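Each remark here refers to the structure printed beneath this line.
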Amino acid sequence: MLRYVTSFIILVILSGCQFTNVTNDEQSLPTRAQLPTDIPTSELLLSPTVEEVTAIFIATASPTETPVIVRTHTPAPSPTVPAVILLPSYTPSHTPPAITRTPLPSSFRFGQSAEGRELLAYRYGTGRHWIMLVGGIHAGFESNTISLMERLRLEWQNRSNEILPEISFIVIPRLNPDGEQRGRIVEGRFNGNGVDLNRNWGCGWEETAEFGNGPVNPGLAPFDQPETAALASLIQETQPSAVLFYHAAADGVFAGTCGDNPDLSANLAEVYGFASGYPYGGEFDAYKVSGTAPAWVNSIGIPSADIELSSDDNAEFDRNLRALQALQRWIAAQ
Ligand SMILES: [Zn+2]
């Protein structure tokens with residue numbers, strides 16, 4: 001019975017999603033069914049298959065109800081990912097933005113690279129909670145993170161109803177276009193000045209930095225590189241509800257912990273890790289890291305994490321899309 005009741009919740013959520021992007025004014029949205037009150041939020045089930053949703057709708061809907069348009073695309077779970085996802089209990093960790101917010105342009109330039117290439121961002125959805133996704137910080141060396149960003153852009157261009165009314169995504173596919181030009185070699189990890197852009201941020205920055213068993217250039221000072229300075233300004237101006245940086249291929253979700261509130265990003269990492277199936281909750285300990293992007297974002301009061309894909313040649317689209325769906329529901333509850 002629980003399965004059917006909780007699945008009905010999913011149905012209600014999905015039916016609401018049809019109206020995403022029509023307007024940012026919730027007052028004009030069609031009235032939604034009331035959720036049962038006897039099921040705690042922590043037991044909401046997510047990520048059913050389309051077939052399950054369809055079958056449950058037929059079983060539970062009255063003949064007079066308007067038919068629900070079920071999404072035609074739901075990613076098939078990979079064998080290693082649980083098909084049923086329990087949301088961790090919700091703890092607010094970031095001050096919610098005002099009820100109304102002027103959306104960013106659908107695409108915009110926010111800076112340029114060391115070699116003068118444009119840094120571009122794309123916005124999907126019009127909700128007041130902004131989730132920022134950053135791919136390609138290590139560029140050519142981790143080019144599957146760029147592929148993932150491009151797959152997500154295509155997904156939300158074609159299926160805008162997958163974004164909840166409360167949510168906007170800001171997608172930055174390639175923070176390091178200089179390194180992308182160098183290709184999938186270790187030099188493709190760095191920007192045009194030879195700096196590692198994930199060692200150049202302002203919380204825990206050090207004059208010497210490491211990657212693997214060797215040294216990398218962290219810049220002469222925090223934010224002395226145009227890419228990190230531009231993105232830091234954008235984050236401060238836009239105050240996203242969460243910022244995720246994509247890497248490969250350490251297989252895990254690693255929360256930013258720098259600053260006065262080292263646990264600020266833990267819930268974000270838990271939601272994403274649980275829904276995606278990537279390990280979460282631990283510190284990155286393969287080698288010492290300093291001055292990373294999520295560390296600084298956490299230190300200014302915004303939850304942030306590194307998402308390390310499990311492979312270096314696959315976008316791992318399905319499991320990341322599923323995690324972003326769970327993340328939307330979690331943040332929309334703020
Ligand atoms: Zn990386």
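These numbers come from a predicted model, not from an experiment. For ligands, and for the atoms within them, numbers begin at 1 and follow the listed sequence. In what follows, every heavy atom counts, from backbone to side chain, and hydrogens, waters and symmetry copies are set aside.
Taking the six-membered ring for Trp, Phe254 and Phe284 have ring centres closer than 6.0 Å.
For the pair His247 and Ile137, the minimum side-chain heavy-atom distance is below 4.5 Å.
Distances from the Zn ion (ligand 1) show that Glu308 has no N/O/S atom below 2.8 Å.
In this structure, Arg184 forms no cation-pi arrangement with Phe141, as its terminal cationic atom is not both closer than 6.0 Å to the ring centre and no more than 45° off the ring axis. The cationic group of Arg123 does not satisfy the cation-pi geometry with Phe169, failing either the under 6.0 Å distance to the six-membered ring centre or the 45° limit from the ring axis.
The name of the N, O or S atom in His138 nearest to the Zn ion (ligand 1) is ND1. Residue-level check: among N/O/S atoms of His247, ND1 sits closest to the Zn ion (ligand 1).
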